[in-house]
Protein chains: 2
Amino acid sequence: MSEARTGDAVDRILEQWARERPDLDVSPMGVIGRLSRCAALLSQRMDAVFAHYGLSGWEFDMLAALRRSGAPYCLAPTELFSSLMVTSGTMTHRLKVLEGKGWITREASELDARSTLVRLSADGFALIERALEAHVANEHAILSGLPARSVEALQKRLAELLATIEDHAN
Amino acid sequence: MSEARTGDAVDRILEQWARERPDLDVSPMGVIGRLSRCAALLSQRMDAVFAHYGLSGWEFDMLAALRRSGAPYCLAPTELFSSLMVTSGTMTHRLKVLEGKGWITREASELDARSTLVRLSADGFALIERALEAHVANEHAILSGLPARSVEALQKRLAELLATIEDHAN
DNA sequence: GCAAACTAACTTGAATTCAAGATACCATTT
DNA sequence: AAATGGTATCTTGAATTCAAGTTAGTTTGC
């Protein structure tokens, strides 16, 4: 009950499996488990900053996607949900909420009558500008706990991994 | 619209920000964005294997936590939800579902009358044994696309990162 | 021209999750 | 022993998400 004073939560899980299933090589759980756990914890930390601006994580993601697309800050719903990895049903709901808050407007496309264009409003633009700066500062702060060389190495390895799994993914 | 033939989805996002907000150093978005995206894609890939055994991701997590705790495969709800990073309300719901499926049973604790012990049933044990082996094989397969040295490097860097953010996290 | 296949967006219903609060029990102090 | 504070679990209601199906508009092949 008090064996592992070194190591993190994932190490403890690996020790349990080594004891219970010594026949299995569970080493991939170390990498993948830490990755998932890092993602969850990072998400919590970023949400804390978003909340400061009255934004949830997905609201920030939506406004940021429109902002970085450049003038006229306008995208089709399909572009939004495919880049943000959510379904069309989720997008319908999100757009309704953001429109209700006045951060986006919607107008019919001239090229394709099926398509409605989503546009960042002036309010939405002003909000995301401020939130973005705080968010980037927060990310810098989070990574400042690591030596720059480690961050760079992590970057490279994650890019490799992403490349191998982005293909396969349907 | 067709500039970046090299690079992944995250590179494209960084290019957009460089164009729109050249005053900001958004490099942390590269690491953190890739990390989040890897986690989301890996989760999809693992869910595909779980589905093969009639399991969702969280169902696998629950049974696996009980299994790796060792005989008598018994944990308190509090131990479960704190290690799985969900709330107590979520745990109540999960336990109800798993009990309904016959994979766990519940019994009052003898030491503490507030506590009900969750126990893996024989069915649950048999199921997680099979699913676990497929899951581990799947994880090996996913990482086999990378050289072993890269995986090891990734492992080290993620452990560093996890150490710095596990502290701060309340 | 018109039917078949496809695409864009939305609707519906169910699943999952959390925050906040309620309830019951335990431990410690007085 | 009574009170206070803390712990373990559950309940409730709302938010978020997805899968599957719907509607409407577009494109292709004959």
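Below, chains carry the letters A, B, ... as their sequence lines are ordered, and counting in each starts from 1.
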Contacts to DNA chain C from residues 66-93 of chain A, heavy-atom cutoff under 4.0 Å, which residues? A/A76, A/P77, A/T78, A/S88, A/G89, A/T92

How sharply is the helix from C/dG1-D/dC30 to C/dT30-D/dA1 bent, taking the axes over five pairs at either end and rounding to 10 degrees? 10°

By side chain to side chain contact (heavy atoms under 4.5 Å, CB included) - contacts of B/A134 (at least two apart): B/V49, B/Y53

By side chain to side chain contact (heavy atoms under 4.5 Å, CB included), which residues pair with A/T116, not counting sequence neighbours? A/P77, A/R106

Residue pairs passing the side-chain hydrogen bond (donor to acceptor under 3.5 Å, both in side chains) test with at least one member in residues 31-42 of chain B, sequence neighbours excluded, are A/Q155-B/R34, A/E166-B/R37, B/D8-B/R34, B/D11-B/R34

According to a 4.5 Å side-chain heavy-atom criterion applied to Ile, Leu, Val, Met, Phe, Trp and Tyr, with indirect links allowed, do B/L117 and B/F81 form part of one hydrophobic cluster? no

Taking NZ from B/K96 and P from D/dT9, how many angstroms apart are they, rounded to a whole number? 15 Å

Going by side-chain hydrogen bond (donor to acceptor under 3.5 Å, both in side chains), name the residues that satisfy it together with A/R130, two or more places apart in sequence or in a different chain. none

Could you list the residues that satisfy side chain to side chain contact (heavy atoms under 4.5 Å, CB included) with B/V151, not counting sequence neighbours? A/V31, B/L143, B/L146

Distance under 4.0 Å to a non-hydrogen atom of chain A counts as contact; along DNA chain C, which nucleotides mark the start and end? C/dT7 to C/dT11

List the residues meeting side-chain hydrogen bond (donor to acceptor under 3.5 Å, both in side chains) with B/T87, not counting sequence neighbours, and say none if there are none. B/T90

Ignoring hydrogens and geometry beyond distance, is the side chain of B/R114 in donor-acceptor contact with the base of D/dT7 at under 3.5 Å? yes

In chain order, what residues pass the side-chain hydrogen bond (donor to acceptor under 3.5 Å, both in side chains) check against B/K96, with sequence neighbours excluded? none

Mapping A/V97 and A/D112 onto DNA chain D by nearest heavy atom, which one lands closer to the 5' end? A/V97

Could you work out, with side chain to side chain contact (heavy atoms under 4.5 Å, CB included) as the rule, every residue matching B/H140, not counting sequence neighbours? A/D25, A/S27, A/P28, B/V136

The side-chain hydrogen bond (donor to acceptor under 3.5 Å, both in side chains) partners of A/R67 (sequence neighbours excluded) come to A/E129, B/E20

